[in-house]
Asker: 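Sharing a structure with you now.
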Amino acid sequence: MTVLAVSTLLVLAGCATDEPTTGASGSPSAGTGSGTGEQSKFFVRADYDKQLALLDAAPTGPAGKPWEQALNPAMVETKKFTKPGPYKICFSNAGLNNPWRQVGFKTMQAEVDTHRGRISEFVHVDAEGKDQKQIADINDLLGKGCHALIVSPNTTATLTPAVKAACRKGLPVIVFDRGVDTTCPVTFINPIGGYGFGHVAAEFVTQEMKRGGKVLALRILPGVDVLETRWSAAKIAFDKAGVDVVGVEFTDGDPAKTKKIVNDYIQRHGTIDGVWMDAGAVAGAAVEAFEDAGKPVPPINGEDQLDFLKLWKDKKLTAIAPTYPTYQWRTPIIAALKILDGERVPNPWKLPQPTITQDNLHEYVDTAMPPLHYAMCGCTDLPGYPRRWK
């Protein structure tokens, strides 16, 4: 999802299709399907269309370095931020509360190490998944002499005022991973985004399961733009395909809670024909729940976390892994240095977002790395690999 001005949220682009569109209130104006409920207030039809178009776009930038590449880049000037180095780079992090974020942060730290001549100090503040702590963290960093501020917001709307306040201080702000409802940052960095992820996963599940079958949708938490848009795209695919979404449940990223939810739905419905997930960290737990119940694992999506990829290969699952690559954690550091040099950068900076399929699964299963490692870390050329990530 692109960084949005508030006005953009109020004027949603519509077009004549049989898919649901949203009006100004965010409520659905047509076509809510069985079990999918109303469309998310985060849904913006124009952004959905753009992201799906980007799935087929060819990246520009250095070959073999997707963290430096961009899809259909629109460049912005940064000369006003030019400063002599070395630099103090500050990072307000939403949290380190799941394996994806832990792998990503290790990748970011390693990227910093490759620029030690130019980065004199790297300050990281962990919000521990708490909005109010992150707001306080950002306010504190504004008085610490940072040359550039990187922000990965905990939630979108609540962190927007703090990001706006940072922009008003005149230092370059770089937002990545999760977005905010303002265009004031110099750039917003992330892969194609939630719509692309959710669409790829839902299309696969609906195509691989029987028509009209039962789908269980597992989500992590509400209120985060990239997760909300994953569900928005999946909802469109499920409504169009006419599947029966028997449940949309939040797992909190907890494997034990995930297994209990899946088991409850198996007991209630007997057969689940497909499982869609807005993030893959607990995909392995979902698979184990079917196995524990003596049921075949239905078509399912996960992510590029190695425990799921290994299960997929070993159990010969019918599966797909759209990704939200952890190599994106390298890009904000690269962007900060470019901006402080006065170089133009893309805004938004859309990175490639590969999908792992049955055809390329063998390229990503790495038995030498821990189960909670992410295959798309882009970290094999960085200092300390593989020890740092084990």
Side-chain angles (χ1 to χ4, degrees), residues 1-2 9 11-57 191-220 222 224-250 265 269 271-280 283 286 298-303 318-324 353 355-358:
M1 181 175 183
T2 57
L9 288 172
V11 184
L12 303 183
C15 63
T17 74
D18 57 355
E19 296 167 352
T21 59
T22 57
S25 68
S27 61
S29 57
T32 56
S34 173
T36 61
E38 294 188 349
Q39 186 55 278
S40 168
K41 67 179 182 180
F42 285 81
F43 179 69
V44 178
R45 183 52 187 255
D47 290 336
Y48 167 85
D49 291 338
K50 287 177 184 176
Q51 286 194 18
L52 266 57
L54 285 176
L55 291 171
D56 297 320
I192 292 172
Y195 294 118
F197 183 110
H199 171 82
V200 168
E203 286 284 298
F204 176 84
V205 170
T206 57
Q207 289 169 10
E208 293 293 330
M209 61 182 278
K210 68 180 183 181
R211 183 168 180 81
K214 299 174 182 177
V215 170
L216 173 60
L218 298 176
R219 303 187 57 195
I220 290 208
V224 176
D225 62 347
V226 71
L227 301 178
E228 292 285 352
T229 54
R230 288 178 185 184
W231 171 240
S232 291
K235 171 184 162 51
I236 289 174
F238 291 145
D239 289 351
K240 187 175 181 179
V243 300
D244 180 10
V245 179
V246 294
V248 183
E249 300 285 352
F250 290 101
Y265 274 84
H269 295 280
T271 299
I272 301 296
D273 301 297
V275 174
W276 178 91
M277 310 187 74
D278 71 358
I300 186 173
N301 78 276
E303 221 167 329
T318 300
I320 197 168
T323 67
Y324 199 61
Q353 185 169 302
T355 297
I356 300 175
T357 67
Q358 186 63 49

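These numbers were taken from a predicted model, which means no experiment stands behind them.
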Asker: Do you know which two heavy atoms are closest between Ala286 and Leu218, and how far apart they sit?
Answerer: CB-CD1, 4.3 Å
Asker: Out of curiosity, Thr355 OG1 to Phe204 CZ, how far, rounded to the nearest 0.5 Å?
Answerer: 11.0 Å
Asker: Taking the side chain from Lys235 and the backbone from Gln39, do they hold a donor-acceptor pair closer than 3.5 Å?
Answerer: no
Asker: Between Arg45 and Tyr195, is NZ or CZ placed under 6.0 angstrom from the six-membered ring centre and within 45° of the ring axis?
Answerer: no
Asker: Are Glu228 and Phe43 side-chain neighbours, meaning at least one heavy-atom pair lies under 4.5 Å?
Answerer: no
Asker: Check whether the side chains of Thr318 and Glu208 place a donor and an acceptor atom closer than 3.5 Å, and report yes or no.
Answerer: no
Asker: What are the two closest non-hydrogen atoms of Ala237 and Ala202, and how far apart are they?
Answerer: CB-CB, 3.7 Å
Asker: State the CE-CD1 distance between Met209 and Ile300, to the nearest 0.5 angstrom.
Answerer: 13.0 Å
Asker: Check the pair Val246 / Tyr265 against side chain to side chain contact (heavy atoms under 4.5 Å, CB included), numbers first and verdict last.
Answerer: CA-CA 8 Å; Val246 294; Tyr265 274 84; 4.0 Å; yes
Asker: Nearest 0.5 Å please: distance from the CG atom of Leu227 over to the OG1 atom of Thr229.
Answerer: 7.5 Å
Asker: To the nearest 0.5 Å, what is the distance between CG on Asp239 and OG1 on Thr36?
Answerer: 3.5 Å
Asker: Side chains of Glu203 and Val200, heavy atoms from C-beta outward: is any pair under 4.5 Å?
Answerer: no
Asker: Assess the residue pair Asn301 and Phe197 against the criterion (side chain to side chain contact (heavy atoms under 4.5 Å, CB included)); give the C-alpha distance rounded to whole Å, side-chain angles, the decisive distance to 0.1 Å, and a yes or no.
Answerer: CA-CA 10 Å; Asn301 78 276; Phe197 183 110; 4.0 Å; yes
Asker: Ignoring hydrogens and geometry beyond distance, is a side-chain donor-acceptor pair present between Glu303 and Thr323 at under 3.5 Å?
Answerer: no
Asker: Show your working on side chain to side chain contact (heavy atoms under 4.5 Å, CB included) between Ile220 and Asp278 and close with a plain yes or no.
Answerer: CA-CA 7 Å; Ile220 290 208; Asp278 71 358; 3.6 Å; yes
Asker: Just how far is it from atom CD of Gln51 to atom CD of Gln353, taken to the nearest 0.5 Å?
Answerer: 7.5 Å
Asker: Is the Lys NZ or Arg CZ of Arg219 less than 6.0 Å from the centre of Phe250's six-membered ring, within 45° of the axis?
Answerer: no
Asker: Could you state the interatomic distance from CZ (Arg230) to NE2 (His199), rounded to the nearest 0.5 Å?
Answerer: 14.5 Å
Asker: Short question: side chain of Asp273, backbone of Val215 - any donor-acceptor pair under 3.5 Å?
Answerer: no
Asker: Taking C-beta and beyond as the side chain, do Phe238 and Asp244 meet within less than 4.5 Å on heavy atoms?
Answerer: no
Asker: Provide the closest heavy-atom pair for Gly196 versus Ile192 in the form atom of the first, atom of the second, distance.
Answerer: CA-CG2, 4.4 Å
Asker: Taking all non-hydrogen atoms of both residues, which atom of Trp276 and which atom of Gly198 are closest, and how far apart?
Answerer: NE1-O, 3.5 Å
Asker: Check step by step if side chain to side chain contact (heavy atoms under 4.5 Å, CB included) holds for Val205 and Val275.
Answerer: CA-CA 7 Å; Val205 170; Val275 174; over 6 Å; no
